[in-house]
Amino acid sequence: MNMSMPAPSSPVILLNPKDNVSVARAVIPAGTVLPGSNVVARDEIPSGHKISTQPIEAGEPVLKYGQVIGTASASIQPGEHVHLHNLAMQDSDVTHEFAVDGRPTPLLPEAERRTFEGYVRPNGDVGTRNFIGIITSVNCSATVSRAIADGFNRGGGLAGFDNVDGVVALTHGTGCAISTKAEGYEYLIRTLSGYAKNPNFAGILMIGLGCETNQIEPILEKFGLAEGPMLRTMTIQRLGGARKTVEIASEIIREMLPVANAMQRTTAPLSGIKLALQCGGSDGYSGISANPALGYAADLLVQHGGTAVLSETPEIYGAEHLLTRRAQTPEVAQKLMDRIDWWRDYTVKNGAELNNNPSHGNKAGGLTTILEKSLGAVAKGGTMPLAAVYEYAELIDQSGFVFMDTPGYDPVAVTGQVAGGCNVIVFTTGRGSVSGFKPAPCIKVATNSEMYEHMQDDMDVNCGGIVTGDDTIEAAGQRIFEAVIAIASGQHTLSEDFGFGDNEFVPWQIGAVT
């Protein structure tokens, strides 16, 4: 994608010379003449929306980023607003056309690589935070687990343990009435075991009801989790009810707290960072400003030895060729295509389509089709070779730029990435997002200055200057990279200052509930 940026005086951004639409920097009144052309705005063009710069006949492709984002559903004249009323989705026709990159990840010399201050765990993984986690095996133990966590976070139980970030209750709505042979069960237990291993936790307490389908012992056995002083398990039924469970669990956590509190940050290489790349509440500027800036930051992290994890498979649909051609091996490319094929089958079985996305807010912000959204979303992944593709919540054991198969729904996608080992999140947004994702800190990046200023209590980084021409992708990307290092080293995000992140643990639920 050749993202040439015109002079700031222009009311539109032409992203590629091949394009037959441009993007409005701000609201363009009807009658406005676009500089350097004879194009006159026939309609008022909302900020972030598309305006045609050439005649486009019905059935002809509409190009943005130099790529097809759909076909004209009606004849479009130069200067017309291009959106839902005259632009239609078309199926991706590039899904099985890919070349393999084959090049190794271009790492900087070791002496030039940056470091951060993190918690080095006994297995060598590095935490960016120091939480104690309560993992529930089933919804039936959720209320008890929240009561235990609240007793510490709000009841003064953490007094004197300043080096412990908090107690997190990871509750969810499943764990029973599911088949242990189903795909959804595999996703659930991978997620729970992945959180138990995430290096942002110093200690873990797993709590079940006792009679649920999702028993704790098989999870420990399958994923090599051994009970010890900092990994304990219990069931409410075995202990004699809710009140006794709260009392005993609270005592166990009190035993963990001095051990966790004694852990100190030490200097660690950036190979200890696994960065989740996310976007939500996207707008017409996402693929122009914040997403490519995050891609630049992701490239820097990878060159310094770290790992950047792109996800949200339905939101790369139509742009998957931009990833498969970067795959280091044919097997990596094929695994990504296999996941795309799985999603085609999955959506058909459930009476849906991949173009159910963009969401209402995305469309209000100027995005029309999933192809358009995908081309902008892929920009978060930068330019590094694609080293691996993982299924949902699989443990990420390969450094560099990798992909994880997840839904596009942000809480579910981030849950999978954190289960895979991600310890920092960067979340770009154009409409605004206030989510947190304990135990991983979440850096919010605004795509436009208007939203950044309106929601400045929630936004950590502003990339809106790229839209106005006052900033560059490279400079904004460097700021994001520096923010990742600072926050991985202990600096708080704005979401953390609000205490957000207790409600965004959402394992992917698929399959029948019986």
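Given the structure is predicted, the values throughout are model-derived calculations rather than measurements.
The residues Arg479 and Asp460 are annotated as not salt-bridged, no charged nitrogen and carboxylate oxygen being separated by less than 4.0 angstrom. Using a 4.0 Å cut-off between a side-chain N of Lys or Arg and a carboxylate O of Asp or Glu, Arg344 and Asp341 qualify as a salt bridge. Ion pairing of Glu496 with Lys444 is absent here, as no side-chain N (NZ or NE/NH1/NH2) approaches a carboxylate O to less than 4.0 Å. A salt bridge links Glu482 with Arg114: the closest approach of a Lys/Arg side-chain nitrogen to an acidic carboxylate oxygen falls below 4.0 angstrom.
Side-chain atoms of Arg121 come within 3.5 Å of backbone atoms of Pro199 as a donor-acceptor pair (strictly under, hydrogens ignored). In this structure a side-chain-to-backbone donor-acceptor pair under 3.5 Å is missing from Asp19 to Leu14. Arg265 contributes a side-chain N or O that, together with a main-chain N or O of Glu117, makes up a donor-acceptor pair within less than 3.5 Å. At least one donor-acceptor pair under 3.5 Å links the side chain of Asn448 to the backbone N or O of Gly430. Between the Asp458 side chain and the Val434 main chain, no donor and acceptor come within less than 3.5 Å of each other. Side-chain atoms of Ser374 come within 3.5 Å of backbone atoms of Glu315 as a donor-acceptor pair (strictly under, hydrogens ignored). A donor-acceptor contact shorter than 3.5 Å links the side chain of Asp165 to the backbone of Asn130. Proximity of a side-chain donor or acceptor of Lys274 to a complementary backbone N or O of Val424 within less than 3.5 Å is not detected. With Thr115 contributing its side chain and Thr267 its backbone, the two residues share no donor-acceptor pair below 3.5 Å. In this structure, the side chain of Lys222 does not engage the main chain of Ile219 through any donor-acceptor pair within 3.5 Å.
In this structure, Trp343 and Tyr346 have perpendicular ring planes: the angle between them is above 60°, well past the 30° mark.
Residues satisfying the side chain to side chain contact (heavy atoms under 4.5 Å, CB included) test with Asp299, not counting sequence neighbours, are Thr383, Met384.
Using a 4.5 Å cut-off on side-chain heavy atoms (C-beta onward), Lys50 and Ser22 make no contact. In this structure the side chain of Lys363 reaches within 4.5 angstrom of the side chain of Leu84, judged on heavy atoms. Under the 4.5 Å side-chain criterion, counting only non-hydrogen atoms from C-beta, Ile13 is in contact with Ile288. Using a 4.5 Å heavy-atom threshold, the side chains of Thr105 and Val302 count as touching. Side chains of Thr71 and Glu60 form no contact here, defined as non-hydrogen atoms less than 4.5 Å apart. Using a 4.5 Å heavy-atom cutoff, the side chains of Ile69 and Lys373 are not in contact. The side-chain heavy atoms of Ile480 and Cys463, taken from C-beta on, include a pair separated by under 4.5 Å. No side-chain heavy atom of Thr313 sits less than 4.5 Å from a side-chain heavy atom of Pro407.
One finds the CG atom of Leu395 at 6.0 Å from the NZ atom of Lys197 (value rounded to the nearest 0.5 Å). Here the straight-line distance linking atom CG of Asn214 with atom CD1 of Ile178 works out to 6.0 Å at 0.5 Å rounding. Atom OG1 of Thr171 is separated from atom CD1 of Ile135 by 11.5 Å, given to the nearest 0.5 angstrom. Note that NE2 of His49 and CG of Leu367 are 8.5 Å apart. Values are rounded to the nearest 0.5 Å. Note that the CD1 atom of Ile216 and the CD1 atom of Ile189 stand 13.0 Å from one another [nearest 0.5 Å]. One finds the CG atom of Leu336 at 6.0 Å from the CZ atom of Phe403 (value rounded to the nearest 0.5 Å).
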**Prompt:** Hey, mind stepping through Gln334 and Glu331 against side-chain contact (heavy atoms from CB on, under 4.5 Å) and telling me if it holds?
**Reply:** CA-CA 5 Å; Gln334 188 58 55; Glu331 291 76 17; 5.7 Å; no

Going through the distances and angles, do Glu391 and Arg190 end up as a side-chain contact (heavy atoms from CB on, under 4.5 Å)?
-> CA-CA 10 Å; Glu391 291 193 26; Arg190 275 210 302 259; 3.8 Å; yes

Worksheet entry | Arg325 and Glu320: CA distance, side-chain angles, deciding distance, salt bridge (Lys or Arg N to Asp or Glu O under 4.0 Å) verdict | CA-CA 9 Å; Arg325 67 177 54 161; Glu320 59 268 25; over 6 Å; no

- prompt: Which is it for Leu310 and Val402 under the side-chain contact (heavy atoms from CB on, under 4.5 Å) test, yes or no, and what are the steps along the way?
  reply: CA-CA 6 Å; Leu310 187 65; Val402 303; over 6 Å; no

Verdict with reasoning, Val426 to Val484, per side-chain contact (heavy atoms from CB on, under 4.5 Å):
CA-CA 8 Å; Val426 176; Val484 168; 3.7 Å; yes

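Between Val412 and Tyr392, the shortest heavy-atom distance links the atoms O-OH, 2.8 Å. Of all the heavy atoms in Asn291 and Cys279, the pair that sits closest is OD1-CB, 4.1 Å. Taking every heavy atom of both residues into account, Ser449 and Asn462 meet most closely at OG-ND2, 3.2 Å. Of all the heavy atoms in Ala476 and Ile466, the pair that sits closest is CB-CD1, 3.8 Å. In terms of heavy atoms, Gly70 sits closest to Leu371 at N-CD1, 4.2 Å. Taking both residues in full, the closest heavy atoms of Lys335 and Val389 are given as NZ-O, 2.9 Å, listed atom of the first, atom of the second, then distance.
Looking at Gln278 and Thr428, their side chains never bring a donor and an acceptor atom within 3.5 Å of each other. A donor-acceptor contact closer than 3.5 angstrom links the side chains of Tyr390 and Asp397. A donor and an acceptor atom, one from each side chain of Asn20 and Thr53, are nowhere located under 3.5 Å apart. Thr233 and Glu227 are linked by a side-chain donor-acceptor pair at a separation below 3.5 angstrom, with hydrogens and angles left out of the test. Remark: the Asn423 side chain and the Asn198 side chain contain no N/O donor-acceptor pair separated by less than 3.5 Å.
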List the atom pairs, donor and acceptor, that lie under 3.5 Å between side-chain atoms in residues 500-511 and the rest of the protein, sequence neighbours left out.
{"unit_1": "Asp502", "atom_1": "OD1", "unit_2": "Lys438", "atom_2": "NZ", "d": "3.4"}
{"unit_1": "Asp502", "atom_1": "OD2", "unit_2": "Lys438", "atom_2": "NZ", "d": "3.3"}
{"unit_1": "Asn503", "atom_1": "OD1", "unit_2": "Arg146", "atom_2": "NH2", "d": "3.2"}

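Environment of CD in Glu112: crowded, with over 12 heavy atoms of neighbouring residues, nucleotides or ligands closer than 6.0 Å. Around the CD atom of Glu217, the shell of radius 6.0 Å holds no more than 12 heavy atoms that belong to other residues, nucleotides or ligands.
Tested against Phe427, the residues Asp410, Thr493, Val445, Ile443 include a single side-chain contact (heavy atoms from CB on, under 4.5 Å) partner, Asp410.
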